[in-house]
Amino acid sequence: SQMGRAFKYVILGGGVAAGYAALEFVRRRGDATAGELCIISEEAVAPYERPALSKGYLLPEGGARLPAFHTCVGANDQLLTEDWYNEHGIELMLQTKVVSADVRGKTLLTSSGEVISYTTLIVATGARVLKLEEYGGNGSDAENVCYLRNIVDADKLVRAMRSCPGGNAIVIGGGYIGMECAAALVANKIKVTIVFPGKHCMGRLFTQKIAEFYENYYTSKGVTFIKRTAVSSLEISSGKVTTAILIDGRCLPADMVVVGIGARANTALFEGQLAMDKGGIRVNGQMLASDASVYAVGDVATFPVKLFGGEARRFEHVDCARRTARHAVAAALEPSGATGDIDYLPFFYSRVFALSWRFYGDNAGEAVHFGDLGFSAASSSPKFGAFWVNKGRVAGAFLEGGSPEEYEAIAHTVRRGAAVPDVAQLAREGLAFVLRE
Ligand code: FDA
């Protein structure tokens, strides 16, 4: 028979959700006993706050480094180093990739040939980056072509930046990764050109007006936008990119390239074994998958959002990973159903340069802007935002430059779906609408 070990609970994946799940486990249950809880991660380090990789990690000086940003410091909670897992009886299997899963047999096979069996599995495999090659492009293997998903990627990006001070970077993609990396590149004194096919940056969330503010801000920092087109290929010489070629034939000199063209949830191990939905593993309000021994959390989970009438959604955002992980652990430790269904308020944020915004809810319906959206180089602390009004109620809210109280107020307004009798009045009142509630 094959070599193997058995655990009551196995968390597959060692990212944000895994770290928060482990802390929740210990809080509810105390230290794990032998054979009780195991975390299997392909990464070489204990779970960490992934958002730091596109922010603090890329600072030109004094950048954030492990162990400072292991989970759960992102939620102002305990810092869980590798030792913490050992001290609490949790088996942390690092640098271990699971290559196949047998849901009926309740086993996982690792890259080292070990069979791990479980009673209850929590899938927290997150997402992987999409590669240029998947869109007919090339160059991903080059020394100075960078993606950003994990520490190894971040170290490669830092090396590439350090090797071309004052040089040219081409950023492919105008989403979170593209925009945050562009800001980091500027801070590292590298000239940035962002190329993406959409009309404006952050196309899935921002309105044209909101995007214009940020694009103007970036432009004032020396960033060039090339929109409504794409990079068709990269010219590689001696293993390094030298030029990015656009589909219209334009050639852009490149000392490095950063690619942020999206992600896919890591569901492959469970295709054909668990029900899938919207690119993720379909779970119920307890984060339980179509097999009663399997939970899914974080980027990989598609779950019903009460606030959206129970509609199934999947979020690739850190707050969702933290909350779904805690919820799944609560449910798994109390499978009688005593844990109610998750009631999640979607929350996204980003920080670039001196800017910082938060978004709550759903960007569905009509966008009603407020505050001063016109970019002015003179204004050091811009404050503006938008409400999305759907069927007469506030469905979503965006705010740049808010105070903690203001963010709490917009979150509350979205959470309760405040009625909007008069859209024009809401536009006039702006933040006053939520603050007087
Ligand atoms: P996560 O990706 O964190 O962890 C998955 C883990 O599973 C990894 O350790 C992986 O190696 C492991 N794994 C996968 N398959 C495996 C296998 N077969 N065997 C073993 N291990 C396996 N969100 C936000 O709200 N605000 C922000 O500012 C940012 N910023 C940000 C920056 C960057 C650079 C990234 C990449 C992402 C963000 N995010 C974000 C998104 C946020 O980080 C993301 O939603 C969470 O990390 C999701 O947590 P999970 O635990 O689901 O996946």
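These values consider heavy atoms only, across backbone and side chains, with no hydrogens, waters or symmetry-generated copies. Just so you know, ligand 1 is whichever comes first in the structure, and atom 1 is the first atom listed for that ligand.
- In this structure, Arg5 pairs ionically with Glu114, as a charged nitrogen and a carboxylate oxygen lie closer than 4.0 Å.
- With respect to the salt-bridge test (charged N to carboxylate O, under 4.0 angstrom), the residues Asp343 and Arg323 do not qualify.
- With hydrogens left out, the protein atom closest to atom 41 (C) of ligand 1 is Glu316 O, 3.7 Å, a heavy atom.
- Closest protein heavy atom to atom 18 (N) of ligand 1: Val98 O, 3.0 Å.
- Short contacts between ligand 1 and Glu180, defined as distances under 4.0 Å to a heavy atom of the residue, involve ligand atoms 28 (O).
- In terms of polar-atom proximity, Ser350 is not counted as a contact of ligand 1, lacking any N or O under 3.5 Å from an N or O of the ligand.
- With salt bridges taken as basic N to acidic carboxylate O contacts below 4.0 Å, none links Glu316 and Arg264.
- Shown in contact with Gly14 at under 4.0 Å from a heavy atom are these atoms of ligand 1, numbered in order with element: 6 (C), 7 (O), 9 (O), 12 (C).
- The closest protein non-hydrogen atom to atom 30 (N) of ligand 1 is Lys55 NZ, 3.2 Å.
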Verdict with supporting geometry, Phe225 and Thr219, side-chain contact (heavy atoms from CB on, under 4.5 Å): CA-CA 8 Å; Phe225 286 87; Thr219 303; 3.9 Å; yes
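- Annotation: cation-pi pair Arg415/Tyr360 absent, no NZ/CZ under 6.0 Å from the ring centroid and within 45° of its normal.
- Residue Leu53 has no nitrogen or oxygen atom sitting less than 3.5 Å from a nitrogen or oxygen atom of ligand 1, judged on distance alone.
- Of all protein heavy atoms, the one lying nearest to atom 8 (C) of ligand 1 is Glu43 OE2, 3.3 Å.
- With hydrogens and angles left out, the side-chain atoms of Ser350 and Glu180 include a donor and acceptor closer than 3.5 Å.
- The contact set between ligand 1 and Gly13, taken as ligand atoms under 4.0 Å from a residue heavy atom, comprises 6 (C), 7 (O), 12 (C).
- One side chain, Tyr344 or Asp319, offers a donor N or O that lies under 3.5 Å from an acceptor on the other.
- Near Ala321, meaning under 4.0 Å from one of its heavy atoms, ligand 1 places the atoms 48 (C), 49 (O).
- Scanning all protein heavy atoms for the shortest distance to atom 31 (C) of ligand 1 gives Pro51 CA, 3.5 Å.
- The local environment of NZ in Lys278 is crowded, with over 12 non-hydrogen atoms from other residues, nucleotides or ligands closer than 6.0 Å.
- The shortest contact between atom 24 (C) of ligand 1 and any protein heavy atom is with Val318 N, 3.5 Å.
- When only interatomic distances are considered, the shortest N/O to N/O separation between Asn266 and ligand 1 does not fall below 3.5 Å.
- Among all protein heavy atoms, the one lying closest to atom 32 (C) of ligand 1 is Ser54 OG, 3.2 Å.
- In terms of polar-atom proximity, Asp299 is counted as a contact of ligand 1, with an N or O under 3.5 Å from an N or O of the ligand.
- At least one cation-pi condition fails for Lys227 and Phe196: the charged atom is not both under 6.0 angstrom from the six-membered ring centre and inside a 45 degree cone around its axis.
- For atom 51 (O) of ligand 1, the nearest non-hydrogen atom of the protein is Ala17 N, 2.8 Å.
- Closest of all the heavy-atom pairs between Ala187 and Pro60 is O-CG, 3.4 Å.
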